[in-house]
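As the structure is a prediction and not an experimental result, all values here were calculated from the model. Atoms considered below: every heavy atom in the structure, side chains included; atoms not considered: hydrogens, waters and symmetry mates. All chains are named by letter (A, B, ...) in the order of the sequence lines, taking the proteins before the strands, and each is independently numbered beginning at 1.
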Protein chains: 2
Amino acid sequence: MPPQHQVTLAQVAEAAGVSIATASRAINGSTRKVSEEIRVRVTQTAEELGYLPNLSAQTVVKGASPTVAVLVSDIADPYFSAISSGIMAAARQAGLMVTMATSERRSADERDMIRTFRSQRPRAIVVVGSRWDQDPQAAAIEEQLAAYQQAGGRVVLVSQGPSPFDLVEIQNFEGAKALAHALVDQGGQRFGVAVGYRRLRTNADRLAGFTQGLAERSITLKEEAVAEAAFTRDGGYAAMRQLLERGVELDTVFAASDLMAFGAATAMREAGVQPGAQIGLAGFDNIALTEDVTPALTTVDAPLGEIGRRAMDLALSEGTEPRTVEVPTSVILRASTPRR
Amino acid sequence: MPPQHQVTLAQVAEAAGVSIATASRAINGSTRKVSEEIRVRVTQTAEELGYLPNLSAQTVVKGASPTVAVLVSDIADPYFSAISSGIMAAARQAGLMVTMATSERRSADERDMIRTFRSQRPRAIVVVGSRWDQDPQAAAIEEQLAAYQQAGGRVVLVSQGPSPFDLVEIQNFEGAKALAHALVDQGGQRFGVAVGYRRLRTNADRLAGFTQGLAERSITLKEEAVAEAAFTRDGGYAAMRQLLERGVELDTVFAASDLMAFGAATAMREAGVQPGAQIGLAGFDNIALTEDVTPALTTVDAPLGEIGRRAMDLALSEGTEPRTVEVPTSVILRASTPRR
DNA sequence: AGCCTATTGGAAAACGTTTGCCCAGCGCAA
DNA sequence: TTGCGCTGGGCAAACGTTTTCCAATAGGCT
């Protein structure tokens with residue numbers, strides 16, 4: 001690490017002919033005031049010298065850095081990048097910097113990243129992304145977060161199911177259920193589902209909600225009509241192929257995320273099936289571009305940017321009891337699921 | 001900022017019955033060695049006490065933090081998120097944290113963010129995103145970066161045109177030119193372009209390359225066949241509407257980015273034109289999902305993740321002269337531009 | 001004039017590290 | 001035995017801030 005040599009507060013003080021204490025108060029001054037005359041002189045000198053406060057030094061003495069740490073599974077995934085975008089906008093408004101890391105969906109790494117975050121003494125740690133059931137690392141991760149919170153940090157989990165921290169939850173179950181109702185109302189009868197690994201709670205919830213929604217309309221979702229694969233575009237493709245190969249009769253497919261739906265659409269086309277014509281297709285999340293594809297994708301809107309903002313709100317508001325914010329979803333019907 | 005109270009190195013040293021210096025050397029030890037026996041005892045004690053090094057304190061004394069700062073225009077844009085993903089992967093491999101900010105395409109903010117970055121004493125600053133011609137802030141930004149570099153930091157710009165820093169450049173001109181050739185070879189004759197604001201260098205380059213490519217095939221791109229709007233999905237939509245309203249006869253449209261192409265496709269459909277049938281459509285970047293839309297989008301592949309990795313390579317390798325890395329592009333023909 | 005209070009500047013102690021230096025112990029060659 | 005070099009531990013200074021005191025000055029009141 002090349003040492004970087006910078007203008008220091010002492011130099012500014014010297015040049016302005018005041019003490020370091022006064023310079024500090026003039027520039028970042030809090031409770032104590034300094035006379036207007038000196039304030040002007042000091043800030044001006046600082047400006048001239050190109051002084052920049054050393055954030056690390058401030059952090060050392062203050063005990064916490066003006067930073068929020070964000071951990072997402074995969075920043076290239078539009079779901080995560082939309083949420084991150086909301087987080088960053090809110091962070092900026094609050095005058096906080098964002099340090100970000102991706103776990104690449106490996107929860108062993110996730111634990112290490114949280115440790116590293118902790119070293120930074122951020123004001124809050126936000127973890128976005130679904131938790132695995134029976135994740136062997138879950139306990140270790142929770143322990144890290146608990147220790148961090150114990151030490152005065154704030155923890156917010158987005159879409160991470162029940163846990164003793166502040167939560168922002170997407171109404172996965174309710175959204176999927178409402179979607180099922182809407183699709184049945186449109187005349188769907190034979191349903192299939194392309195779902196991500198069910199150990200990922202998000203998938204389990206969406207599948208359960210969809211199943212329940214169908215059940216409430218007296219339709220039973222058969223196990224053979226459910227194909228499970230990775231919770232990604234490629235997973236959607238793979239799952240759709242499974243469904244097609246199994247030869248289950250289908251008129252409508254629900255993919256557990258828009259990204260999976262995009263993969264599923266391509267799989268359909270490759271098999272000579274037109275999504276939205278022979279087989280309807282619906283996704284979940286309402287990510288960008290769902291409106292621009294043909295046919296435009298029916299989906300369940302989850303206000304992703306809003307979710308990020310809410311997470312920051314939680315992170316910034318004091319409060320000793322763990323709170324949960326549920327963000328509502330709403331069904332958006334588009335051309336990919338025509339009325340039959 | 002709530003003070004966070006943590007286990008300190010002094011406590012570890014005390015508990016292990018050694019001096020702070022020894023504890024430091026045992027845990028992060030550099031040149032000096034400590035006896036194996038003590039090393040084990042100290043690290044074990046640290047582990048038991050849940051000690052985490054205070055990164056800020058280390059940064060203060062070392063003069064630079066194990067961090068790379070990344071500034072992008074908009075993290076929700078798949079172009080930027082793909083590049084960021086590459087950067088973060090490379091950063092992690094190098095054992096660096098990433099602090100990230102979005103300028104939301106406002107270059108006044110951009111300057112402030114760079115100042116804030118500087119306060120953090122990161123090892124490198126990477127700025128991703130096109131520069132505006134005649135940006136009134138350009139000088140101020142460059143000054144900030146120069147001062148940072150002067151102080152020992154590393155600066156890498158991605159897609160920012162000529163400038164006295166390390167650069168990673170996408171072959172915008174060459175790529176667009178090659179695309180023009182390919183489209184003419186497929187039988188295209190009447191071309192239109194939906195381009196982002198030309199003050200944004202990326203757009204100017206792509207347009208110039210495309211124009212030149214056509215010229216080399218003896219086709220002149222008329223000014224009325226070029227529509228300019230924001231360099232976003234919505235801009236693509238708006239530009240395409242302009243083209244359609246102008247009534248220029250077209251058989252092929254080049255959109256300056258895939259995102260613009262998606263918007264353009266929707267504009268076409270709304271006007272009753274089938275992209276890929278009546279009018280061919282091509283984009284640039286090869287972002288995710290270009291293969292999944294119908295018709296699959298012809299585009300120019302820019303290896304976005306690779307670009308991020310290259311940027312980090314530059315940031316981490318020593319070198320006093322500014323260097324430029326050109327990443328090659330390649331034309332990918334898909335169904336949206338059928339042979340005529 | 002005497003005293004009390006409010007204001008504001010400065011000296012110095014912290015914050016949690018790393019690292020330059022000193023020094024003790026030890027092995028080994030002369 | 002002496003002298004020397006090497007190893008490895010500890011003391012204390014340094015890094016750049018904030019903040020707690022303390023001191024000095026000014027002003028208001030009796």
Could you run down the sub-3.5 Å N/O contacts of the protein with nucleotides 19-25 of chain D?
unit_1	atom_1	unit_2	atom_2	d
D:dC21	N4	A:R32	NH1	3.2

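- Inter-residue side-chain proximity for A:Q137 and A:R106 is flagged as unmet; no heavy-atom pair is nearer than 4.5 Å.
- Put simply, CD on A:Q6 is 14 Å from P on D:dC15, counting in whole angstrom units.
- One atom, CG of B:N54, and another, C1' of C:dA14, lie 14 Å apart when rounded to the nearest Å.
- Of the side-chain N and O atoms in B:T8, one or more sit less than 4.0 angstrom from OP1 or OP2 of C:dT17.
- A:K33 places its NZ atom 13 Å from the P atom of C:dA6, with the value rounded to the nearest Å.
- Using modelled atom types, no side-chain atom of B:S24 and backbone atom of B:I20 make a donor-acceptor pair closer than 3.5 Å.
- Among the heavy atoms of the strands lying under 4.0 Å from A:L52 are primed sugar atoms or P, OP1, OP2 only; no base atom is included.
- Distance CD (A:E37) to P (C:dT8): 12 Å, rounded to an integer number of Å.
- Note: CZ (B:R41) to C1' (D:dG8) measures 13 Å, nearest angstrom.
- The shortest distance between side-chain heavy atoms of A:V128 and A:I87 falls below 4.5 Å.
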Side-chain donor-acceptor pairs of residues 303-313 of chain B under 3.5 Å, sequence neighbours excluded:
unit_1	atom_1	unit_2	atom_2	d
B:E306	OE1	B:R309	NH1	3.1
B:E306	OE2	B:R310	NE	3.0
B:E306	OE2	B:R310	NH2	3.4

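- If you take CD of B:E14 and P of D:dG10, they are 13 Å apart, rounded to a whole angstrom.
- Residue-level contact check: A:V34 touches the backbone only, with heavy atoms under 4.0 Å from sugar-phosphate atoms and none from bases.
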